[in-house]
Amino acid sequence: MTALQLAIRHKSFARADGELNAIENIEIEIAENEFVAVLGPSGCGKTTMLQIAAGLDNDYAGSARYADGLKDRMAYVFQSPTLLPWRTVRQNIELVFSNPQAHADDIASVLEAVGLAGSEDIYPLQLSMGMQRRASLARAFVLRPQLLLMDEPFVSLDEPLAARLRDLLQTMLAGNPASVLFVTHDWREALSLADRLIFLSPGPARITGELAVSLSRRQRSNPAELQSFRDANEHLFQSG
Ligand SMILES: Nc1ncnc2c1ncn2[C@@H]1O[C@H](COP(=O)(O)OP(=O)(O)OP(=O)(O)O)[C@@H](O)[C@H]1O
Ligand SMILES: [Mg+2]
């Protein structure tokens, strides 16, 4: 079954120096519980595409269709962590629930999982960027989303921590399957996580290729396997 059907015929921004064409004809269908990673150069339109997929930007030609009820079970991890500076870490996460007391155990366990146990009562401006990212991830995971939009969620983290959080994402998805649209610059990350890759051109973004990732869980954790899978499909990785 299709979870999300995104058809962006045209998206532009009006700017003082004229109109900027950001996206030209992107069609993406994500099946239920499929993990799709989008790779493309900086500034090509990836965040713009996610904002449209999230329903935050309606000023475009095209459509975004969701399976029944899916949009109400959506979580979005923004490219920059967006925490309210006047709320503590715990309060920022409580905000996603109308009745946070009923979710106190879930909140405590997700904070533990992202390594923020002990930092619950700290305000975001007192956190490092990596800690703010982890708090944003906790806020997305605690919702048990069925549609997860992620915009370079592990960027600027050191590699061991990024690897731990990728594992956490996979564990979360194993317990709580979701359809995922995941933007990254990191081809290794994309191959280690996704069922399918979509490659975008420099802006205005259009799709230059797609690739099903036919790697086992074991192969995905082996850098040499990732490299040889890339080598076998190098033309796609070069296409952006
Ligand atoms: N609100 C806006 N107003 C005007 N132009 C915008 C706006 N948002 C994005 N753009 C422009 O649209 C293009 C695509 O931007 P977008 O943020 O989607 O790129 P991106 O692929 O996410 O880049 P990065 O990998 O660096 O995050 C860029 O040229 C950007 O300057
Ligand atoms: Mg972006």
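Each ligand, and each atom within it, is numbered from 1 in the order the structure gives. What you see is a predicted model, and the numbers here were worked out from it, not measured in a lab.
In D151, neither the side chain nor the backbone holds a heavy atom less than 4.0 Å from any atom of ligand 1. Contacts with ligand 1 closer than 4.0 Å are made by side-chain heavy atoms of E152 only, the backbone lying farther away.
Taking the six-membered ring where the residue is Trp, F35 and F182 present tilted rings, their angle falling between 30° and 60°.
Closest heavy-atom contact between N99 and H103: O-CD2, 3.4 Å.
Here E94 does not pair with R87 in a salt bridge; the nearest charged N to carboxylate O distance is not below 4.0 Å. Ionic pairing of E234 and R230 is present here: one or more N-O contacts between side-chain nitrogen and carboxylate oxygen are shorter than 4.0 angstrom. D151 and K46 are not joined by a salt bridge, as no carboxylate oxygen comes within less than 4.0 angstrom of a charged side-chain nitrogen. A salt bridge is defined here as a Lys NZ or Arg NE, NH1 or NH2 lying under 4.0 Å from an Asp or Glu carboxylate O, and E225 with R220 fails to meet this definition.
The nearest heavy-atom contact from the protein to atom 17 (O) of ligand 1 is T47 CB, 3.7 Å. Of all protein heavy atoms, the one lying nearest to atom 1 (N) of ligand 1 is F13 CE2, 3.7 Å. Counting only heavy atoms of the protein, atom 26 (O) of ligand 1 lies nearest to S42 OG, 2.6 Å. Considering only non-hydrogen protein atoms, atom 25 (O) of ligand 1 sits nearest to K46 NZ, 2.7 Å.
Close N/O approach between G45 and ligand 1 is found [any backbone or side-chain N/O within under 3.5 Å]. Taking only nitrogen or oxygen atoms, main chain and side chain alike, C44 reaches within less than 3.5 Å of ligand 1.
Close to ligand 1: G43, with a non-hydrogen atom less than 4.0 angstrom away.
For the side chain to side chain contact (heavy atoms under 4.5 Å, CB included) criterion with F154, the lone passing option out of V77, L169, D186 is L169. Residue R133 forms a side chain to side chain contact (heavy atoms under 4.5 Å, CB included) with just one option from S80, S128, P81, and that option is P81. Residue I28 forms a side chain to side chain contact (heavy atoms under 4.5 Å, CB included) with just one option from I207, I8, L4, and that option is I207.
The salt bridge (Lys or Arg N to Asp or Glu O under 4.0 Å) test applied to R217 returns no partner, not counting sequence neighbours.
Atoms of ligand 1 found under 4.0 Å from any heavy atom of L20, numbered from 1 in the order shown, are 11 (C), 12 (O), 13 (C), 29 (O). Set against the non-hydrogen atoms of T48, the atoms of ligand 1 under 4.0 Å away are 14 (C), 15 (O), 16 (P), 18 (O). Each of the following atoms of ligand 1 lies closer than 4.0 Å to a heavy atom of H185: 25 (O).
Here the Mg ion (ligand 2) has protein N, O or S atoms under 2.8 Å from it, and they come to 2.
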(message) One pair to check against side chain to side chain donor-acceptor pair (under 3.5 Å): T184 and E189. What are the steps and the verdict?
(response) CA-CA 8 Å; T184 179; E189 174 171 272; 2.9 Å; yes
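Residue nearest to atom 31 (O) of ligand 1, selected from M49, E19, Q79, R15: R15 (by heavy-atom distance).
Under a cut-off of 6.0 angstrom, the local environment of CZ in R166 is crowded, with over 12 non-hydrogen atoms contributed by other residues, nucleotides or ligands.
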